[in-house]
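Structure record follows, encoded as structure tokens.
FYI, side chains are in, hydrogens and waters are out, and symmetry mates aren't considered; it's all heavy atoms of this structure. Throughout, protein chains are lettered first and strands after them, A, B, ... in sequence-line order, and every chain is numbered starting at 1. Note that this is a predicted model, so its numbers are computed, not measured.
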Number of protein chains: 2
Amino acid sequence: MASRAKATILDIAREAGVSKSTVSLVLQGSGLIRPETAVKVRKAIEDVGYVYNRGAANLRKAHSNVIGMVINDLTNPFFAELAVGMERVFQAAGVVPFIANTAENPVRQEEVLKSLMEQGVAGLIVSPARGTTPGTFRRIETAGVPIVFTMRRLPDSRIPVIAPDNRRGAVLAAEHLIRKGHRRLAFFGGSSDLVVYQERLGGFLEACETLGIPASDRLIVEGETSRKGGMACLETALAVPQPPTAALCFNDAVAFGVMLALRKRGLEAGADFAVVGFDDVAEAEHYSPALTSVAVDTAGLGERAAHVMLKMIQSRTTRAENHIGAVSLVVRESSGPDRNSQAGDAA
Amino acid sequence: MASRAKATILDIAREAGVSKSTVSLVLQGSGLIRPETAVKVRKAIEDVGYVYNRGAANLRKAHSNVIGMVINDLTNPFFAELAVGMERVFQAAGVVPFIANTAENPVRQEEVLKSLMEQGVAGLIVSPARGTTPGTFRRIETAGVPIVFTMRRLPDSRIPVIAPDNRRGAVLAAEHLIRKGHRRLAFFGGSSDLVVYQERLGGFLEACETLGIPASDRLIVEGETSRKGGMACLETALAVPQPPTAALCFNDAVAFGVMLALRKRGLEAGADFAVVGFDDVAEAEHYSPALTSVAVDTAGLGERAAHVMLKMIQSRTTRAENHIGAVSLVVRESSGPDRNSQAGDAA
DNA sequence: TTGATTTATTGGAACGTTCCATTTATAGCG
DNA sequence: CGCTATAAATGGAACGTTCCAATAAATCAA
């Protein structure tokens, strides 16, 4: 069934009665060839079932149109939303992004990057896995392939980053909770080896500081950034002597976990314990009660990252400005006032 | 900054004082070279920051190790789970799968497939977009590139399919609802241009037939296969004169939508209206109430698809057997007995 | 010692494309 | 008609690898 010996540009040339150079020009849409010739060639291409060999082409022009997107957790819907934003931009530019998952595993990440580089990608958009070693991207940089980080950054790297204003988002969220009358606050999920974590936690602490929540009334529980992690955080928090009445969660997945754990205990998020998430994934507004969350304009960040990448490729540079996206707090049902306080500004 | 003129095998040869052939052999891990030579070469590779050019290599050996995974909806967590299963297998085989999203758009799908083919993929795992034209995969087949379909199939295609036993799953689910005492049943979501839909609906109707639910007591509401679609389905269903008391949903996303719409109306899934989903995504057990769903062993199907693909590549064939995965019904809280009936077998 | 065998290494052709420098055909002009 | 200018098409070298056939070096048998 499968036709033997895949057709090349030469087969087409023979079929169409022209030279291989002519076929090449047609393939590139050059205006130099006579329209009738082009038609003849295109017909031949169709007839022989020709598949363009980009590897061979790249040998000469070193200018592939594939962009690799390396993400640390495909199962987090957040990244799907990010990818959708990027794809919108890339599609318009005639570029196909290939997505590869590292599953938060630095070893896998090395393999994936190696493979992508071998394919001759034009650029890389990366959300680095936890525990990525500093040297990982050095070779790629020196090879002159543009990289942009999204969402996560590496401690001391010069690689441009597209990310939301994590600190500001956390400040907004914490202020909101405090204004609702909460006086014992928790920060749930994440771990300190992530720069993002430090930023979000930093914003949380800053707001506590500013609005006079003493350190003794703050509870920080590290944990997996997943539903499961969130459930565990809540259990831990409710076990302490003076448990918090509200929590800012590292991301929405953690927040969902907290809400589920609350429900399991017969408590309701919002009424009995205030929960705020981070990222504002699509599910947030559909959950019940709907989740208050820090909206980071995920798809917008994706678009931005794609644009920056395109620009870098075009100007063949490996440098670009960082971009910190604006954030906003979307207040929904999960963050009600502290029931034991009369200070809630929502009445 | 970026080092000029990327290093080739010849640069390494010069650096190490051997021939390019020797370098090539080292790269391929041939046992023919003296260990000390190999060490010397590997050091040179490290020193010059060499990146293997797979395109050039494929020119000779036409044997790439990349596999394309083309999926129709990256935002459906189901596909992430499927991908995770595949990755497990591919990782062990030293293969890197590249994922590309078609967003249910046949035109985008053509672009994505073209790009993947040009990269010289060794095989393609595809969940075809809705409205895929029959000819789409013909060229790829004749090019001798193995394809397997997952989850979805095309009406008259010879391409092997890895999918769950949709009909059986729907039968199990419908029987469950009928045994719970429900007598007016609905099937929510999906549309008839999908083979999967026909199978799932077919199973539903078969069970109704067998257990004596007359056609007049069955309600079929087509709709988007998303949360939004599910919410719409419920609204439609509750508006008819004799509304159903239970629904089998095309997939879990639809089921979640139905549950959210119920809650908005002050009704509770399980107690007031029975809901059964399909796919049993991870969220199903975390929702509240937990969703009864047809478990299809998503990751297992992914693994199976990856294995079949590997086998096809190895035996250079473009044919393989279909594989229909076993399914089971996972009963949780969302499918309580009909409250107006005393026939429920659970009480 | 000589020839045969084994072990390591190597040069060169080939893979399918692009692109430059040419060639060939067509048109324009005096 | 010859000359140049323009348009269209072409041959060949180059890209970075693999692999075959060939060589060189080391070992062995007689």
Where the side chain of [X] is defined as all heavy atoms beyond and including C-beta, which of [options] is the nearest nucleotide?
{"X": "Tyr52(A)", "options": "dT18(D), dG16(C), dT18(C)", "answer": "dT18(C)"}
{"X": "Asn53(B)", "options": "dT9(C), dG16(D), dT17(C)", "answer": "dG16(D)"}
{"X": "Leu59(A)", "options": "dC15(D), dT9(C), dC15(C)", "answer": "dC15(D)"}

We want to know whether [X] and [Y] form a side-chain donor-acceptor pair, criterion being a heavy-atom distance below 3.5 angstrom.
{"X": "Asn101(B)", "Y": "Glu87(A)", "result": "yes"}
{"X": "Ser24(A)", "Y": "Ser21(A)", "result": "no"}
{"X": "Gln109(B)", "Y": "Thr132(B)", "result": "yes"}

For a quick test of reading the model: is some side-chain N or O of [X] closer than 4.0 Å to OP1 or OP2 of [N]?
{"X": "Ser19(A)", "N": "dT10(D)", "value": "yes"}
{"X": "Thr22(B)", "N": "dT10(C)", "value": "yes"}
{"X": "Arg34(B)", "N": "dT7(C)", "value": "no"}
{"X": "Ser24(A)", "N": "dT18(C)", "value": "yes"}
{"X": "Gln28(B)", "N": "dT17(D)", "value": "no"}
{"X": "Ser21(A)", "N": "dT18(C)", "value": "no"}

(request) For Arg304(A), look at atom CZ and say whether over 12 heavy atoms of other residues, nucleotides or ligands are found less than 6.0 Å away. (result)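 No, CZ of Arg304(A) has 12 or fewer neighbouring heavy atoms, counting only those of other groups under 6.0 Å.
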
(message) Between Val51(B) and Ile33(A), which residue's closest nucleotide on DNA chain D lies nearer the 5′ terminus?
(response)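 Checking each residue's closest nucleotide, the 5'-ward one belongs to Ile33(A).
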
(request) Name all residues meeting the salt bridge (Lys or Arg N to Asp or Glu O under 4.0 Å) criterion together with Glu110(B); count only those two or more places apart in sequence or in a different chain, and write none if there are none. (result)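 Counting only residues at least two positions away or on another chain, Glu110(B) forms no salt bridge (Lys or Arg N to Asp or Glu O under 4.0 Å).
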
Figure out the [atom1]/[atom2] separation between [X] and [N], and round it to whole Å.
{"X": "Asp11(A)", "N": "dG16(C)", "atom1": "CG", "atom2": "P", "result": "8 Å"}
{"X": "Arg14(A)", "N": "dG11(D)", "atom1": "CZ", "atom2": "P", "result": "13 Å"}
{"X": "Leu32(A)", "N": "dA25(C)", "atom1": "CG", "atom2": "C1'", "result": "15 Å"}
{"X": "Glu36(B)", "N": "dT7(C)", "atom1": "CD", "atom2": "C1'", "result": "13 Å"}
{"X": "Lys20(B)", "N": "dG11(C)", "atom1": "NZ", "atom2": "P", "result": "7 Å"}
{"X": "Ile9(A)", "N": "dA14(D)", "atom1": "CD1", "atom2": "P", "result": "19 Å"}
{"X": "Leu10(B)", "N": "dT17(D)", "atom1": "CG", "atom2": "C1'", "result": "9 Å"}
{"X": "Lys61(B)", "N": "dG16(C)", "atom1": "NZ", "atom2": "P", "result": "15 Å"}

(request) Determine the contact category for Leu27(B): base if any of its heavy atoms lies under 4.0 Å from a base atom, sugar-phosphate if only primed atoms, P, OP1 or OP2 are that close, otherwise nothing. (result)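 Nothing, no nucleic acid heavy atom in range.
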
(message) With hydrogens left out and only the distance checked, is there a donor-acceptor pair under 3.5 Å joining Arg60(B)'s side chain and the base of dA14(C)?
(response)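 Indeed, a donor on one side and an acceptor on the other fall under 3.5 Å apart.
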
(message) Does the plane of the ring in Phe137(A) sit parallel, tilted or perpendicular to the ring in Phe149(A)? Use 30° and 60° as the thresholds.
(response)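 Ring orientation of Phe137(A) relative to Phe149(A): perpendicular.
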
(message) Taking the nucleotide of DNA chain C with the nearest heavy atom to each, does Ala56(A) or Gly17(B) sit closer to the 5' end?
(response)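 Checking each residue's closest nucleotide, the 5'-ward one belongs to Gly17(B).
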
